[in-house]
Every structure is written in C-alpha cells, then in structure tokens.
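The basis for the numbers below is simple: all heavy atoms, side chains too, and nothing from hydrogens, waters or symmetry mates. On a predicted model such as this, the values are computed, not experimentally measured, just so you know. The sequence lines fix the lettering, A, B, ..., with proteins before strands; numbering per chain opens at 1.
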Protein chains: 2
Amino acid sequence: MATMTAAQRREQARFAYDAFLRECPTNQLLARLSDKWVSLVVSALAGHEGPMRYSDLGRKIAGVSQKMLTQTLRTLERDGIVARTVTPSVPVRVDYELTDLGRSLSGLLLAVKDWAETHMDEVADARETYDAAAGAA
Amino acid sequence: MATMTAAQRREQARFAYDAFLRECPTNQLLARLSDKWVSLVVSALAGHEGPMRYSDLGRKIAGVSQKMLTQTLRTLERDGIVARTVTPSVPVRVDYELTDLGRSLSGLLLAVKDWAETHMDEVADARETYDAAAGAA
DNA sequence: CAGAATCCTTCACGATACTG
DNA sequence: CAGTATCGTGAAGGATTCTG
C-alpha cells in the first residue's frame with residue numbers, strides 16, 4: 001500500500017520484528033534444549049553403551065513420569081536427536097539411541113551437567129552468604 | 001515392622017528414593033541452569049565487554065518481561081553467578097556482570113546456544129520428515 | 001532508572017485409568 | 001511392555017500499577 005504513512009510502516013516493522021523474535025526458530029530451539037527432562041534424557045542415553053529401552057530410561061532417570069518421558073522422547077525424535085526402534089515381538093520392545101545429531105549435542109549438555117556437579121559446593125556457599133546478608137538487614 | 005508386606009516395603013522404599021531425587025541438590029541446580037531465561041541472560045552478559053545495566057539486558061534479550069528478568073537476575077546473583085553493583089546516583093544505576101564462577105559456566109551455555117543456531121536447519125529438516133511420515137499414515 | 005507488588009490466566013505436569 | 005487418553009491443580013509467567 002503506497003498510502004501507508006511512515007509511522008504506520010515503522011509500527012508495522014516493529015510489530016513484525018517482535019513477532020519474529022518471539023517466534024524466532026533459534027530461540028524456540030534453545031528453549032527446547034533448555035529443558036530439565038531433555039538434559040536428563042540425553043545425558044542418560046549418552047552415558048550408556050548402545051540403545052536403551054523405554055523402561056530403562058524410566059528407571060535411570062527416576063523421578064520422571066511416563067507422560068513426561070514419552071513426551072520428551074517424542075519431541076527429541078521429531079527433532080532428529082534420538083532414534084526410536086520398534087521390535088514387534090510379544091511383548092513389544094522399543095529402543096532409543098542418540099542419532100549423529102544427538103551425539104553432537106550430548107557432549108555439550110553433559111558438560112553443563114558436570115559443571116553443576118562440580119560447582120555445587122560453590123553455589124551452596126554463595127547462597128549461604130547471600131541469605132546471611134539479606135537476613136542481617 | 002515385620003508385619004509389613006513386601007509390596008508395602010517396596011512402596012515405602014520407592015517413596016523415599018523419589019523424595020531424595022526430587023531434593024537432590026545437583027538435580028535442582030541442573031534444573032536451574034536448564035532455564036530459558038538463564039541461558040539468555042548468561043549469554044547476553046558473556047557476549048558483552050564489561051558490565052551491563054538492567055535496561056541494557058532488557059533490550060538485548062527482547063521478549064523477556066521485567067518480572068522474569070528481575071527474578072532470573074536475583075537467583076543468578078544468589079547462586080554467585082552474576083554480580084550486582086548499585087551506583088546510588090540520581091537516577092539509580094545498576095550494573096550486572098558475570099562472576100568468575102559465572103564465566104566458568106558461560107562458555108558451556110554459549111556452546112549450547114551456538115549448537116542451536118548451527119543445527120537449526122537439520123532440526124527443521126528432521127521435523128519435516130517426521131511430520132510427513134506421520135501425515136502419510 | 002530499576003525494581004516491588006498485585007492480579008489473573010494459561011498450561012505444564014503429575015496421578016490415574018485404559019489399550020494393543 | 002510401551003505406551004495413549006483424560007482430568008485436576010499448582011505454579012510459571014505476562015500485564016499492570018506503584019515507588020524510592
């Protein structure tokens with residue numbers, strides 16, 4: 001529309017930009033990876049030789065509900081990070097393993113997990129200091 | 001109690017174990033780090049020379065509400081990951097920067113963010129393939 | 001400028017029950 | 001065994017208003 005004012009055009013551009021940021025695929029993907037269960041599932045698969053069965057994952061992660069486990073596995077499968085293999089025996093057997101793409105990611109997530117374990121004490125100390133200072137006020 | 005059945009004992013053990021896992025400090029810390037806003041705030045601070053003001057962060061992250069920004073900064077400060085400096089001028093000026101502990105973490109989170117940007121296309125392809133297969137059923 | 005406080009909605013998640 | 005379907009709730013998070 002040639003009848004659009006400069007202000008209108010600017011407004012539209014700003015709106016489109018905001019929408020773009022909110023729906024920015026990269027941000028969405030980052031949000032996906034920034035998920036407690038994603039970290040744990042990928043870590044579990046990475047720290048295990050060969051594929052793992054659904055129930056193995058449930059046991060290893062312990063604390064996950066089957067709903068969240070299934071949901072997480074589905075999105076990871078859809079994103080090409082884990083591979084799902086069904087063996088139509090009786091009873092059914094389903095195995096999960098990391099894809100190449102998943103393995104390229106697992107190292108990074110494991111590093112974060114290791115950091116959490118390594119620096120737990122320092123964080124705990126920082127919290128004590130912080131809380132003490134707040135309480136003294 | 002010797003009168004406890006095997007099922008009861010198993011139930012009790014499971015309950016205690018779950019409680020332990022839920023309150024496991026390391027898992028809690030991992031859950032903290034596995035937060036969308038934490039990734040973005042730490043990345044923003046890491047990708048910038050020197051400290052950043054509150055409003056700078058709000059602008060750079062774009063999409064964060066001030067509530068979440070404040071909340072995230074507070075917990076990161078409490079955990080000793082960012083340092084908060086107040087300059088009592090008029091108007092007030094508040095600067096945030098990573099601590100040494102924060103810098104030891106930022107590299108890992110940036111790596112995850114970079115991974116998301118680098119492999120966005122592959123993930124998008126995987127999704128298309130997955131959805132196409134599902135639709136064909 | 002840098003928050004604190006409040007309200008209100010949405011939805012993520014857990015518990016439960018059922019199926020091939 | 002490996003899920004799917006449904007329901008209820010608690011909490012996360014956005015919008016808004018007020019303050020030092």
Side-chain angles (χ1 to χ4, degrees), chain A residues 15 18-19 21-23 27-28 30-41 44-45 51-78 82-97 130 134 137, chain B residues 11 14-15 17-19 21-23 27-28 30-41 44-45 51-78 82-97 134 137:
Chain A
F15 186 80
D18 281 3
L21 276 176
R22 252 193 301 281
E23 295 170 17
N27 266 11
Q28 282 191 353
L30 182 60
R32 269 288 157 77
L33 302 180
S34 297
D35 180 74
K36 185 188 175 187
W37 300 124
V38 167
S39 312
L40 292 174
V41 166
L45 286 173
M52 289 181 77
R53 303 182 56 168
Y54 181 85
S55 47
D56 290 337
L57 284 166
R59 234 170 292 112
K60 178 146 184 182
I61 295 181
V64 68
S65 64
Q66 33 134 267
K67 179 180 177 179
M68 291 319 295
L69 182 55
T70 301
Q71 197 176 98
T72 304
L73 285 168
R74 282 287 180 280
T75 70
L76 288 177
E77 184 195 2
R78 187 169 109 98
V82 308
R84 178 169 179 268
T85 313
V86 182
T87 308
S89 53
V90 181
V92 193
R93 174 197 178 98
V94 182
D95 290 284
Y96 292 92
E97 59 185 327
Y130 183 91
Chain B
E11 170 63 17
R14 194 190 62 78
F15 186 80
Y17 184 62
D18 279 3
L21 278 175
R22 252 194 301 280
E23 294 170 18
N27 266 11
Q28 282 191 353
L30 182 60
R32 269 289 155 80
L33 301 180
S34 297
D35 180 72
K36 183 189 175 186
W37 301 124
V38 167
S39 313
L40 292 173
V41 167
L45 286 173
M52 288 181 79
R53 303 183 55 169
Y54 181 84
S55 47
D56 290 338
L57 283 166
R59 233 169 294 111
K60 178 146 182 181
I61 295 181
V64 68
S65 65
Q66 38 112 287
K67 180 180 175 179
M68 291 320 293
L69 182 55
T70 301
Q71 197 176 99
T72 304
L73 285 168
R74 283 286 179 283
T75 69
L76 288 178
E77 184 195 0
R78 188 169 108 97
V82 309
R84 178 169 178 269
T85 312
V86 181
T87 308
S89 53
V90 181
V92 194
R93 174 197 178 97
V94 181
D95 289 284
Y96 292 92
E97 60 186 327

- Query: C:dA4 phosphate, OP1 or OP2: any side-chain N/O from B:Arg74 under 4.0 angstrom?
  - Reply: yes
- Task: May I have the distance from A:Asp56 (atom CG) to D:dA2 (atom C1'), rounded to whole angstrom?
- Result: 12 Å
- Mind checking salt bridge (charged side-chain N to carboxylate O under 4.0 Å, His left out) for B:Arg84 and listing every partner two or more places apart, or none if nothing turns up? none
- With B:Arg59 via salt bridge (charged side-chain N to carboxylate O under 4.0 Å, His left out) - residues at least two apart: B:Asp56
- Query: Starting at CG of B:Leu69 and ending at C1' of C:dA4, how long is that distance when rounded to a whole Å?
  - Reply: 14 Å
- Atom pair distance, as rounded to whole Å: OH in B:Tyr54 and P in D:dG20: 18 Å
- Answer yes if the side chains of B:Tyr54 and B:Thr70 hold a donor-acceptor pair under 3.5 Å, and no otherwise. yes
- Item | B:Ala83: side chain to side chain contact (heavy atoms under 4.5 Å, CB included) partners, not counting sequence neighbours | B:Glu97, B:Thr99
- Query: Considering residues at least two apart in sequence or located in another chain, which fulfil the side chain to side chain donor-acceptor pair (under 3.5 Å) criterion with A:Thr75?
  - Reply: none
- With sequence neighbours left out, write down each residue that passes salt bridge (charged side-chain N to carboxylate O under 4.0 Å, His left out) with B:Arg93, or none if nothing qualifies. B:Asp95
Would you tabulate the pairs of protein nitrogen or oxygen atoms and nucleotide nitrogen or oxygen atoms of nucleotides 13-17 of chain D closer than 3.5 angstrom?
| from | atom 1 | to | atom 2 | distance (Å) |
| --- | --- | --- | --- | --- |
| D:dG13 | N7 | B:Lys67 | NZ | 2.9 |
| D:dG14 | OP2 | B:Ser65 | OG | 2.9 |
| D:dG14 | O6 | B:Lys67 | NZ | 2.7 |

- Query: Do any of residues 86-94 of chain B sit with a heavy atom less than 4.0 Å from DNA chain C, and if so which?
  - Reply: B:Pro91, B:Val92, B:Val94
- Query: Are any of B:Tyr96's side-chain N or O atoms less than 4.0 Å away from OP1 or OP2 of C:dC1?
  - Reply: no
- Item | Residue pairs, two or more places apart or on separate chains, that pass salt bridge (Lys or Arg N to Asp or Glu O under 4.0 Å) and touch residues 63-78 of chain B | A:Asp131-B:Arg78
- Message: Please determine whether a side-chain nitrogen or oxygen atom of B:Thr70 lies at a distance below 4.0 Å from atom OP1 or OP2 of C:dA2.
- Response: no
- Query: By side chain to side chain contact (heavy atoms under 4.5 Å, CB included), which residues pair with A:Ser39, not counting sequence neighbours?
  - Reply: B:Leu30, B:Ser34
- Using a cut-off of less than 4.0 Å, is there contact between a side-chain N or O of A:Arg59 and OP1 or OP2 of D:dA2? no
- Give the angle between the helix axes at the two ends of the helix from C:dC1-D:dG20 to C:dG20-D:dC1, taking five base pairs at each end and rounding to 10°. 50°
- Phosphate oxygens OP1/OP2 of D:dC1: is one of them under 4.0 Å from a side-chain N or O of A:Arg53? no
- Message: Going by the rule side chain to side chain donor-acceptor pair (under 3.5 Å), which residues pair with B:Ser65 if we only count those two or more places apart in sequence or in a different chain?
- Response: none
- B:Arg32: what forms a salt bridge (charged side-chain N to carboxylate O under 4.0 Å, His left out) with it, not counting sequence neighbours? none
- Task: State the NZ-CE distance between B:Lys36 and B:Met68, to the nearest 0.5 angstrom.
- Result: 9.5 Å
